[in-house]
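So the structure is just underneath, and the comments pick up after that.
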Amino acid sequence: MDAATGAGPLGDGARLLAWQAAEPGPRVLTTAEREAITDAYLRGPRETAFAAGTGQLDGLRDLFQGAALLDAQDVARGGAAPVGWAHTPALRFFAPDGATVSFTDRFTYATPRPDPDAAPRVARRELDVVMELGDGNWRVHHWRVLRDEPLPAAPPTARPAPYRAVRAAPDWPQRPADTLRRDVSAVTELGLDTLIVPLALGAAGPLNAGRAAQVGRALGVLLEAAAARNVTVLLDLRVAALDPAGLRDLHAALGPEPEGNPASVGARLGGVILSPARSPSAAQLGAWRQTVRARFPALPVGYRAPGRSAAAALAGAVDFVAGGADAPVFRERRAPLGRLGDARRGWQLRAFLTRPGALEAGVLAPDGGREGRGALLTADGSFTPLTRWADPARPPPGPVAWLLGWAADLWTLPAGLLLGGALRGRLTRWRGARRAAIAKRP
């Protein structure tokens, strides 16, 4: 089932679930029992979504039984399995024999529409659940919907202040804590104020327990160091499309609600940038923003548009529009310029950083120990020669610097003219000598 659903063991809920205080009862859940119940309970919707997409309903019997199995089969046949997050189950009863458990769960969910460009239905639900243990497996035996209501409309757009940012390397969740703190320090030393951390989902698979814990740990370290240095952290979500599965993983990365969780990631982030490979509709963007702002009212949601026309069309559905992240702000080194090429790139980078508005200066650190394209740090953590030209204490480049910087690209033109002139002169002399030799012949 792990291979079929791509979920992997959920363990403590992969940051999708937080148990509430339990009511007094005849038996208390141990940690192992709670994790087993959580795993089976959250795996049910994932298996239902898999069954809805493939038509293979046999796996549902491992997670549901009785009336709940019939309900899950009906949902799978309908082809629109809901995807939930922010579960807050509260234990009501755990039988003395350890084979029956009852709890009430409040969560948010999204149900996809048949039209791929339509926004999913997003709502909150309160559910009574009864699970039974049999042959070593927990199964949902009964559930009853107590309340189901649409999410409230998102609050008015809160446009963030223009940022001057640099992007973290794609492998930032695997970096040691000291390296992450060094990266935050480098942001301020470069005269910038924002660190953008990319998070790839979809192609990399859903957030299982291990990957969710890794992302949460790295984000916690970054946010703690950023708060000490007054640096803003933006989460750049890279997904194939704005579908409900990606929405669930986004909320898993954001962590629990801030109420009672002062260290919540979503409450400390400066914003979320949605970067889907497939251009979304305004309705889809609005639904994603609605779910995020319902849990974190002060967290702005942005969109990285592939072009200016798309940005203008979708600007009203999000709080801000981010610029392109793949185009370098300076030209690559072109041999045989050597030092002159580094200086030219430095002039261009300094000129870029002095422009007004939201800016992204490039990639902060190389990926996987390799010197990345336009990386501002080397693999050992020292600044590249390029960044020395980005000293904010230096005055912005003037017209002479711009002239020299762009003239460096035209060095081949005078070299070609000189070479062509030399060849033309030699050819002219050769022709003259040949004519003279012919004229001397008897």
*Could you please spell out the steps behind the salt bridge (Lys or Arg N to Asp or Glu O under 4.0 Å) verdict for Glu360 and Arg304?*
CA-CA 12 Å; Glu360 295 185 28; Arg304 191 182 299 283; 2.9 Å; yes
*Stepwise, does the side chain to side chain contact (heavy atoms under 4.5 Å, CB included) test hold for Val272 with Leu250?*
CA-CA 9 Å; Val272 174; Leu250 167 61; 4.1 Å; yes
*First locate atom CD1 of Ile37, then atom CE of Met131, and finally report the distance between them rounded to the nearest 0.5 Å.*
6.5 Å
_Would you say the ring centers of Phe103 and Phe93 fall short of 6.0 Å from each other?_
no
_Between Gln284 (side chain only) and Ser281 (backbone N and O only), is there a donor and an acceptor less than 3.5 Å apart?_
yes
*State plainly whether the residues Asp171 and Arg175 are in salt-bridge range, i.e. N to O under 4.0 Å.*
yes
*Asp183 and Arg181 ion-paired at < 4.0 Å*: no
*If you look at every heavy atom in Ala51 and Gln56, which pair is closest and at what distance?*
CB-O, 3.3 Å
_Student check: side-chain heavy atoms of Arg248 and Leu16 closer than 4.5 Å_ = yes
_Please determine whether a side-chain nitrogen of the Lys or Arg among Arg124 and Asp148 lies less than 4.0 Å from a carboxylate oxygen of the Asp or Glu._
no
*asked:* If you compare all heavy atoms of Ala168 against all heavy atoms of Leu195, which two are closest, and at what distance to 0.1 Å?
replied: N-CD1, 4.0 Å
*Sequence neighbours excluded, which residues qualify as side-chain contact (heavy atoms from CB on, under 4.5 Å) partners of Ala90?*
Gln20, Arg92
_side chain to side chain donor-acceptor pair (under 3.5 Å) involving Trp85 - partner list, sequence neighbours excluded_ = His251
*Check side-chain contact (heavy atoms from CB on, under 4.5 Å) between Asp74 and all other residues, then give those that pass, not counting sequence neighbours.*
Arg77
*Over 12 non-hydrogen atoms of neighbours within 6.0 angstrom of CG in Asp97*: yes
*Thr48 vs Gln73 side-chain heavy atoms within contact, under 4.5 Å*: no
*Val265 and side chain to side chain contact (heavy atoms under 4.5 Å, CB included): which partner among Val215, Leu222, Leu219?*
Leu219
_Tell me the closest heavy-atom pair linking Ala110 and Val122, and the distance in Å._
CB-CG1, 3.9 Å
*How would you list all residue pairs meeting salt bridge (Lys or Arg N to Asp or Glu O under 4.0 Å) that involve residues 102-111, not counting sequence neighbours?*
Arg106-Glu126
_Nearest heavy atoms of Arg293 and Ala298, plus distance in Å_ = NE-N, 4.5 Å
*Between atom CG of Leu146 and atom CG of Asp128, what is the distance when rounded to the nearest 0.5 Å?*
4.0 Å
*Do other residues, nucleotides or ligands put more than 12 heavy atoms under 6.0 Å from Arg61 CZ?*
no
*List for me each residue that meets salt bridge (charged side-chain N to carboxylate O under 4.0 Å, His left out) alongside Arg139, sequence neighbours excluded, and say none if there are none.*
Asp135
*So, for Val233 and Ala226, which heavy atoms are closest and what is the spacing to 0.1 Å?*
CG2-CB, 3.6 Å
*asked:* Nearest 0.5 Å, please: how far is OG1 in Thr108 from CZ in Arg295?
replied: 7.0 Å
*Qualifying residues under side chain to side chain donor-acceptor pair (under 3.5 Å), relative to Arg113, sequence neighbours excluded*: none
*Less than 4.5 Å apart, any side-chain heavy atom of Tyr303 and any of Pro276?*
yes
*Could you pull out all residues at least two apart from Thr30 that satisfy side chain to side chain donor-acceptor pair (under 3.5 Å)?*
Glu33
*Once you round to the nearest 0.5 Å, how far does CG of Leu63 lie from CG of Asn137?*
8.0 Å
*Counting N and O atoms only, with roles assigned by atom type, does the side chain of Arg121 sit under 3.5 Å from a partner on the main chain of Tyr109, one being a donor and the other an acceptor?*
no
*So do Tyr163 and Asp193 actually touch side chain to side chain, heavy atoms under 4.5 Å?*
yes
*Would you mind reporting whether Gln65 and Val140 have side-chain heavy atoms less than 4.5 Å apart?*
no
*Looking at Asp319 and Arg289, does any basic side-chain N land under 4.0 Å from a carboxylate oxygen?*
yes
*What ring pair (Phe, Tyr, Trp, His ring centres under 6.0 Å) pairs are there with at least one residue in residues 125-147, not counting sequence neighbours?*
Phe64-Trp143
*asked:* Going by the rule side-chain contact (heavy atoms from CB on, under 4.5 Å), which residues pair with Thr232 if we only count those two or more places apart in sequence or in a different chain?
replied: Thr194, Leu234
*Just how far is it from atom CG of Leu42 to atom NE2 of His87, taken to the nearest 0.5 Å?*
5.0 Å
*Could you walk me through whether Trp19 and Thr38 pass side chain to side chain donor-acceptor pair (under 3.5 Å), step by step?*
CA-CA 9 Å; Trp19 282 90; Thr38 299; 2.9 Å; yes
*Which heavy atom in Leu247 sits nearest to a heavy atom in Trp288, and how many Å separate them?*
N-CH2, 3.3 Å
*Residues in salt bridge (charged side-chain N to carboxylate O under 4.0 Å, His left out) with Arg229, at least two apart?*
none
*Looking at side-chain heavy atoms only, is the closest gap between Thr111 and Pro120 below 4.5 Å?*
no
*Report yes if some heavy atom in the side chain of Pro173 is under 4.5 Å from a heavy atom in the side chain of Val197; otherwise report no.*
no
*Okay, side chain of Glu149, backbone of Arg125: is any donor-acceptor separation there less than 3.5 Å?*
no
*Any sub-3.5 Å donor-acceptor pair from Arg15's side-chain atoms to Ala252's backbone N or O?*
yes
*Straight-line distance of Leu376 CG to Arg167 CZ, nearest 0.5 Å*: 9.5 Å
_Heavy-atom side-chain contact between Ser102 and Phe94 under 4.5 Å_ = no
*How would you list, by chain and number, every residue that makes a side-chain contact (heavy atoms from CB on, under 4.5 Å) with Pro114, sequence neighbours excluded?*
none
*Mind checking side chain to side chain donor-acceptor pair (under 3.5 Å) for Asp117 and listing every partner two or more places apart, or none if nothing turns up?*
Arg278
